[in-house]
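Take a look at the structure below.
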Amino acid sequence: MNNFENEANKIEFYDVESNGVLSLEEIDGELANGEFEFPDYDYFPEDDISSISSISSISSISSSGPLTLGVNKSDYNINVRSSAGTSNAKVATMRVGESFCFTGLRVYNSDGYEWHQIEILYPDGSWGKGWYRGMNGVGYWRNNPYRKVGDKQYYILSQSTSLYTPGGDFMMKLDAGQKVYCNSQDRSGITGSSNHDYMLCHGLGYSDGDMSIYSLSSWQDYDQVSYAYIDTQMKHGASHVKGNW
């Protein structure tokens, strides 16, 4: 499968989550065409995260649990700020179609919006943390696969990248157009514990059938593994793993 664009036009999509875009005035960002910019009209001093002292104001996923990948499916370039609150410094921009990693931390700020902490590529090329307001059309990878067949959720590579064991051993080079799958929606879009720009997968899809990571690893020089990690290349500017975005 060498023609990614032609192949993508043939597919059907399932279980795609609602974008949940806020109204124009509520989005902390601008339309991708640059026609609108939204000022910090709604900021008040008490909006800053440093003023939130009650633990009940913050909900988080356990640090021992898996982190998840996300993607900007809206038409907006969304501001990523140093802390929750629109007066805080903008550290990055979540571009249309850009992927990133959710840390699992959320803040329900006194401005009435839910703020999410993410890891994303900074303008200087470094990988860092920031906060954005509301879902704003942003979706989780697990809800936006390239294709869903039975319990499996497929993604496709737009460019070549590498596959690694959970221990970090190189397994093989994957070519553009290669399909990779996760065994279920719950296990889809999960990141590596050390490399949050890597995606967990359970197998590879071919025109004549699938091959599990366990089977793939049977002829390698290390112990068999049931899952592996794909280098998404997000830290280098754009994810090479694509779903319904």
Self-check item: With N144, the side chain to side chain donor-acceptor pair (under 3.5 Å) member among K73, K242, Q153
Solution: K73
Quiz item: Going by distance alone, is a donor N or O of one side chain under 3.5 Å from an acceptor N or O of the other, for N143 and Q185?
Solution: yes
Practice problem: Dump the intermediate steps for side-chain hydrogen bond (donor to acceptor under 3.5 Å, both in side chains) on S184 and D186, then the final yes or no. | Solution: CA-CA 5 Å; S184 67; D186 290 342; 5.2 Å; no
Self-check item: Distance flag, aromatic centroids of Y154 and Y181, threshold under 6.0 Å
Solution: yes
Quiz item: Considering residues at least two apart in sequence or located in another chain, which fulfil the side chain to side chain donor-acceptor pair (under 3.5 Å) criterion with S215?
Solution: S212
Quiz item: Is it true that Y214 and V180 fall in one hydrophobic cluster, defined by side-chain heavy atoms closer than 4.5 Å?
Solution: no
Exercise. Would you indicate whether K129, at its atom NZ, is surrounded by more than 12 heavy atoms from other residues, nucleotides or ligands within a distance under 6.0 Å?
Key: no
Practice problem: Check whether any side-chain heavy atom of C201 sits under 4.5 Å from a side-chain heavy atom of Y155, and report yes or no. | Solution: no
Quiz item: Under the 3.5 angstrom rule, does the side chain of N72 hit a backbone N or O of S74 as a donor-acceptor pair?
Solution: yes
Practice problem: May I ask you to decide if the ring planes of F100 and Y132 are parallel, tilted or perpendicular, using 30° and 60° as cut-offs? | Solution: perpendicular
Quiz item: Can any side-chain N or O of H202 pair as donor or acceptor with the backbone N or O of N183 at less than 3.5 Å?
Solution: yes
Quiz item: How about W141 and T68: do any of their side-chain heavy atoms sit closer than 4.5 Å?
Solution: no
Self-check item: Parallel, tilted or perpendicular: ring planes of F170 versus Y164, cut at 30 and 60 degrees
Solution: perpendicular
